[in-house]
Every structure is written in structure tokens, then in C-alpha cells.
Amino acid sequence: KIDYRPGDPRDHAQLFEAIVDREVDLHVEDPWCIARPANRERFEALLTTLHRIGVKVGRLNLVWQPGNCPELDARAQSELLSRLLSGKGLYRELRFDPADHRRKHFHDRFIEAVTIDCLSPLEVRYDITSGIDNLMARQKECIVFMTIDRH
């Protein structure tokens, strides 16, 4: 468990240490992660941070709640993120998976990383209170619970 307090420095290399210098597929579920411009910018910051510390992202699967931005539909939201990330080399493949409107309870926020390189297989799950927004915003509070499964 890592507890980030408002204003404290954030050592993302420590948080993602298990997957540094690894190639991974990422599955991200956060209802707000691309709904609005600030959310998209913080999501970009997360991917940029991962890239900077040596995490190579293969497939990136993104689940969010498009209804959190009623003025834009799911396609428009995904296109805005695609344009923001375009040409930066932060992933190999991006797949959008908008949460179905019938899904009433969507509060959990997590990142699952599954290694796809030739090293020892590893699955890491990061459960993030308050989501990616708070994880990437130094002025906000966030707690991350990490679970590592070594096959």
C-alpha cells in the first residue's frame, strides 16, 4: 500500500517498480479517466510517466464511463484522447471499451499490468482510490493498493 498525501512528492518509479523495464499489456478501468480535458491530460501524464521509467506498453485497453461527459459521446471522447496521444510512442495498440450504460455500479478504479516479454510472467494490479486523476495530481490525496501475482 502506498499512501500519497496532498503536496507530497510522488515516486511513480517506486510504485511501478515491478514493471519497470518490462513490456506489458495494460487494462485500465476508471470511470473518469478520459471524460474531460483535465482527465485526458492526467491519463496522458500517467502513460508518459510509465514510458519515462521504462515500462513499454503493448496493448492498452481502456474502460471508462462516457456518460460522465454528457456533451461528448464515447466516440468523440476516445478521438480526443487518440489525438492527444498520437505520435508519442506511449503504447503499441489502443482499444477503447466504454462502460455499458446498464452498468450501474462503476466506482472501482484500477490498472492491471500483464507482462508480455520473455522474462518471468507477472501480473500486477493497482487499485487506486480516487482514480488516475488523484494519482497524477500532486495536490490531491490517493492510496494505491498493489497486488503482484508471479506465475
Side-chain angles (χ1 to χ4, degrees), residues 2 4 6-117 122-147:
I2 297 180
Y4 294 110
D8 286 352
R10 308 232 164 152
D11 185 353
H12 292 111
Q14 176 191 4
L15 174 63
F16 295 109
E17 180 180 27
I19 57 173
V20 167
D21 295 327
R22 301 289 307 262
E23 186 173 359
V24 300
D25 283 344
L26 286 183
H27 178 86
V28 177
E29 291 198 19
D30 183 327
W32 288 94
C33 66
I34 68 168
R36 300 210 168 124
N39 305 115
R40 291 187 289 273
E41 289 170 9
R42 289 190 191 108
F43 189 75
E44 176 196 21
L46 170 69
L47 293 178
T48 300
T49 296
L50 290 172
H51 183 76
R52 182 180 44 79
I53 63 174
V55 178
K56 297 162 201 70
V57 178
R59 187 176 322 121
L60 172 59
N61 186 58
L62 183 56
V63 180
W64 84 106
Q65 181 60 47
N68 287 335
C69 181
E71 59 272 9
L72 295 174
D73 65 12
R75 183 174 179 217
Q77 292 174 48
S78 61
E79 286 174 357
L80 285 169
L81 181 70
S82 293
R83 272 189 252 144
L84 180 65
L85 301 177
S86 180
K88 296 184 178 178
L90 301 176
Y91 55 85
R92 190 173 55 246
E93 177 187 340
L94 178 56
R95 179 173 173 240
F96 293 98
D97 189 10
D100 189 293
H101 70 281
R102 294 174 302 225
R103 188 174 177 181
K104 300 288 186 209
H105 181 74
F106 184 19
H107 297 288
D108 295 339
R109 294 154 169 95
F110 64 88
I111 299 170
E112 290 177 333
V114 178
T115 57
I116 55 172
D117 52 27
L122 186 67
E123 290 182 28
V124 184
R125 179 177 167 118
Y126 302 92
D127 288 283
I128 307 166
T129 65
S130 305
I132 292 169
D133 281 349
N134 283 25
L135 174 64
M136 300 311 294
R138 187 174 174 179
Q139 71 276 18
K140 298 196 176 182
E141 185 173 17
C142 179
I143 298 173
V144 181
F145 299 89
M146 182 175 45
T147 307

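Because only heavy atoms are used, hydrogens play no part in the values below, and waters and symmetry mates are left out as well, while side chains stay in.
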Side-chain heavy atoms of [X] within contact of [Y], under 4.5 Å:
X: F110; Y: F145; result: no
X: L84; Y: F43; result: no
X: L90; Y: V57; result: no
X: D108; Y: D127; result: no
X: V124; Y: V24; result: no

Nearest atoms (heavy-atom pairs only) where [X] meets [Y]:
X: A99; Y: Q65; answer: CB-OE1, 3.5 Å
X: R36; Y: P70; answer: NH2-CD, 4.4 Å
X: Y91; Y: L60; answer: CD2-CD2, 4.2 Å
X: N61; Y: R95; answer: OD1-NH1, 3.2 Å
X: W64; Y: C33; answer: CB-SG, 3.8 Å
X: P66; Y: P98; answer: CG-CB, 3.4 Å

Would you please classify the geometry between the H12 ring and the Y4 ring as parallel, tilted or perpendicular, with 30° and 60° separating the classes?
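Tilted.
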Salt bridge or not between R75 and E79? Use side-chain N to carboxylate O under 4.0 Å.
yes
If I take atom [atom1] from residue [X] and atom [atom2] from residue [Y], how far apart are they, to the nearest 0.5 angstrom?
X: E29; Y: L62; atom1: CD; atom2: CG; value: 9.5 Å
X: R109; Y: D30; atom1: CZ; atom2: CG; value: 5.5 Å
X: E17; Y: I53; atom1: CD; atom2: CD1; value: 9.5 Å
X: L50; Y: K56; atom1: CG; atom2: NZ; value: 11.5 Å
X: T115; Y: L122; atom1: OG1; atom2: CG; value: 5.0 Å
X: I128; Y: I143; atom1: CD1; atom2: CD1; value: 12.5 Å

Determine whether a donor-acceptor pair (N or O, by modelled atom type, separation under 3.5 Å) exists between the side chain of [X] and the backbone of [Y].
X: N134; Y: E141; answer: yes
X: R42; Y: L135; answer: no
X: Q77; Y: L72; answer: yes
X: R40; Y: I34; answer: yes
X: N68; Y: P31; answer: yes
X: R22; Y: D117; answer: no

Considering the options D133, I132, L81, which one meets the side chain to side chain contact (heavy atoms under 4.5 Å, CB included) requirement together with N39?
D133
Looking at H27, R125, E123, which hits side chain to side chain contact (heavy atoms under 4.5 Å, CB included) with V114?
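Result for side chain to side chain contact (heavy atoms under 4.5 Å, CB included) with V114: E123.
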Just checking R59: does its CZ atom have more than 12 heavy atoms from other residues, nucleotides or ligands closer to it than 6.0 angstrom?
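No, the 6.0 Å shell around CZ holds no more than 12 heavy atoms from other groups.
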